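These notes are about the structure you will find just below.
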2 protein chains.
Amino acid sequence: MEQPDEFKKVSMAVIKRLPKYHQCLLNLLKDNVERVSSQKLSKILGFTASQIRQDLNNFGEFGQQGYGYNVSQLYTEISKILGLNTSHKMVLVGAGNLGQALANYTGFSTHGFNIVAIFDSNPKLVGRKIKDISIYHVEDIEYIINENDVDIAILAVPQDKAEKIAIKISKTCIRGIWNFTPKEITVNSDIVVENVHLIDSLFTLSYHINEGKLQERLIKQKRKISLTHR
Amino acid sequence: MEQPDEFKKVSMAVIKRLPKYHQCLLNLLKDNVERVSSQKLSKILGFTASQIRQDLNNFGEFGQQGYGYNVSQLYTEISKILGLNTSHKMVLVGAGNLGQALANYTGFSTHGFNIVAIFDSNPKLVGRKIKDISIYHVEDIEYIINENDVDIAILAVPQDKAEKIAIKISKTCIRGIWNFTPKEITVNSDIVVENVHLIDSLFTLSYHINEGKLQERLIKQKRKISLTHR
DNA sequence: ATATTTATGTTAAAACTATCACAAACGGGG
DNA sequence: CCCCGTTTGTGATAGTTTTAACATAAATAT
Ligand SMILES: NC(=O)c1ccc[n+]([C@@H]2O[C@H](COP(=O)([O-])OP(=O)(O)OC[C@H]3O[C@@H](n4cnc5c(N)ncnc54)[C@H](O)[C@@H]3O)[C@@H](O)[C@H]2O)c1
Ligand SMILES: NC(=O)c1ccc[n+]([C@@H]2O[C@H](COP(=O)([O-])OP(=O)(O)OC[C@H]3O[C@@H](n4cnc5c(N)ncnc54)[C@H](O)[C@@H]3O)[C@@H](O)[C@H]2O)c1
């Protein structure tokens, strides 16, 4: 089952770091920095230089001995790898609290991610606009997605509605779902799902805040806490 | 420098799964399920039964051979580990698009995370309320945090303001910062920072959507892409 | 030209995670 | 009370990710 190097799957750990490289290189580019070494990147990003070289080598030989990496070239390559060289059309489903915040945010379109339509089930919202983007009734979603060649659907609906909508749009030309509901959605197709589970993030923060007390508790007990069910 | 077992640091990978266990057990509890085996949890969560047992063993011996885990007990224990047995006071900094969405969300308080004050620099917002929570001027933030024994600060301000505010509140009784700005903030103290980098999440989604094309490109080249800087 | 410095790509080792496998403990039924 | 099926906790194993080391190549200085 050994695969040749070229087709070896890139690990999730590496992929998660790519946006950091992208951001960092964009900053360097803005500062008119022409070249950068893994060493310098290491200083900025806090990853080891070795890791940076290995990460980049998953995708190609972008550097040169004695010179380092050309900032502009590397930025372009990483953009391509992340699929940022072409722009993306998105739809937003759910124009509630979170949906409206996302619709009003300008930071996505600066990277080529544009919301082209918004959907809701609330008749009071349908027909309105957010930043010139029309809100349509969710029943028209499949048609509008296909008609406009939309890439990505942002899910910001109540969690009990998430699954149904996900299944619905999985029959369109949608390639990815950006899911803001706490629900773990599963679509049986080649659609990619990226979850933003804010509660998990908050709980992780809480864990770290609580870590000290947790240790104290264990130290007092002098050994593992053991339970019996009655 | 070997540490005894009880004090061995729990790995990040495990911590990230704890909220999943918590959610899952809450669901079981609601369904009045009394006991559960690692096997059954495995079915629900998609982790291996072995991993689940090892994860839980980082914190104690919560199960019993031949019986499994008592849902209610395990839920309580995981809640304690995550620091959810006591309620948390939070402040929100930045009452813009995202800030308002977060302030209006009820899902945090159901887990004991309550926003007790909101801060902004915009005089038009100061004095108003969101869901009965007053918006104060950000210059009063240190006083109000300390006065109310606030745990957590939510950062939803423009990114160029993030660092300054972070430094300011790091001198209060704040224990954790939940950072929604793209800025990587560093506070030189024992304050925990949890980042929600939405752009990174979107880029990761984009990567996966683009993955197919990326492979094609590599296959056509028949080997790694190699660059020279001139 | 040639030597020296810089810095990559890559191989090897170390550290970290996940899975396997099984003895030991418990529950329940006869 | 004892047997048998269940299921944990754990030590061993396998797999993954990170870090270290270095041969090699380009750039720069001499
Ligand atoms: N607001 C937050 O800060 C926040 C934080 C974490 C998670 N979330 C999650 O994000 C999701 C949205 O949160 P929110 O606060 O914006 O909720 P919300 O109730 O304010 O908005 C939900 C919107 O979805 C619309 N809707 C309902 N059913 C629909 C359907 N079938 N099709 C299309 N639209 C439909 C509603 O009309 C409403 O406008 C929820 O799942 C929530 O759990 C929100
Ligand atoms: N809205 C989104 O969907 C979204 C998505 C990703 C990231 N973000 C990030 O979240 C942050 C907030 O985004 P937003 O869309 O809500 O922006 P916004 O401009 O709507 O809101 C920012 C708010 O912060 C206030 N503010 C400015 N300076 C302040 C200061 N010194 N102290 C206190 N308050 C101050 C402003 O008055 C404003 O109300 C930004 O860093 C943004 O990059 C937002």
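If you're wondering where the values come from, they're calculated on a predicted model, not measured in any experiment. Computation of the quantities below employed the complete heavy-atom set of this structure, encompassing side-chain atoms and omitting hydrogens, waters and symmetry-equivalent molecules.
- Remark: C1' of C/dT11 and CD of A/Q54 are 9 Å apart, rounded to the nearest angstrom.
- Under 4.0 angstrom from either OP1 or OP2 of C/dG9 there lies no side-chain N or O belonging to A/Y67.
- In this structure, of D/dA12, D/dT18, D/dG9, it is D/dG9 that holds the atom nearest to the side chain of B/R53.
- Each of B/S37 and A/V14 lies near DNA chain D, and the nucleotide nearest B/S37 is the one positioned closer to the 5' end.
- If A/G66 and A/S50 are placed on DNA chain C by their nearest nucleotide, the residue sitting closer to the 5' end is A/G66.
- Minimum atom distance to the side chain of B/Q64 is reached by C/dG27, of the listed D/dT18, C/dG27, C/dT10.
- Remark: P of C/dG9 and CZ of A/F62 are 9 Å apart, rounded to the nearest angstrom.
- Classification of the B/W178-B/F108 ring pair by plane angle, with boundaries at 30° and 60°, yields perpendicular.
- Residue B/S11 places none of its side-chain N or O atoms closer than 4.0 Å to OP1 or OP2 of C/dC16.
- In this structure, B/N57 reaches the D/dT10 phosphate: one of its side-chain N or O atoms is under 4.0 Å from OP1 or OP2.
- Phosphate proximity of C/dC26 to B/R35: absent, as no side-chain N or O sits under 4.0 Å from OP1 or OP2.
- Between the P atom of D/dT16 and the CD1 atom of A/I15 lies a distance of 14 Å, rounded to the nearest Å.
- Under the 4.5 Å side-chain criterion, counting only non-hydrogen atoms from C-beta, A/I177 is in contact with A/I191.
- Atom CD in A/Q51 sits roughly 13 Å away from atom C1' in D/dA20 (whole-Å rounding).
- Counting any heavy atom pair closer than 4.0 Å across all strands shown, B/F47 reaches no nucleic acid atom.
- Atom CD1 in B/I52 sits about 17 Å away from atom P in D/dT10, given to the nearest Å.
- Contact annotation: B/T48 reaches the phosphate of C/dT19 (side-chain N/O to OP1 or OP2, under 4.0 Å).
- The CG-C1' distance, from B/L56 to D/dG9, rounds to 11 Å in whole Å.
- The pair B/R17-B/D55 meets the salt-bridge criterion, since a charged nitrogen lies less than 4.0 angstrom from a carboxylate oxygen.
- Comparing C/dG27, C/dC20, D/dT8 by their closest approach to the side chain of B/Q65 singles out D/dT8.
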*Would you sort out whether A/Y21 and B/F203 count as a ring-ring contact (aromatic ring centres under 6.0 Å, His included), showing the intermediate values?*
CA-CA 11 Å; A/Y21 293 128; B/F203 283 9; over 10 Å; no
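- Ion pairing between A/K20 and B/D200 holds under the 4.0 Å rule for side-chain N and carboxylate O.
- Judged by distance alone, with hydrogens and angles left aside, A/S38 brings no side-chain donor or acceptor close enough to the base of C/dA7 to form a pair under 3.5 Å.
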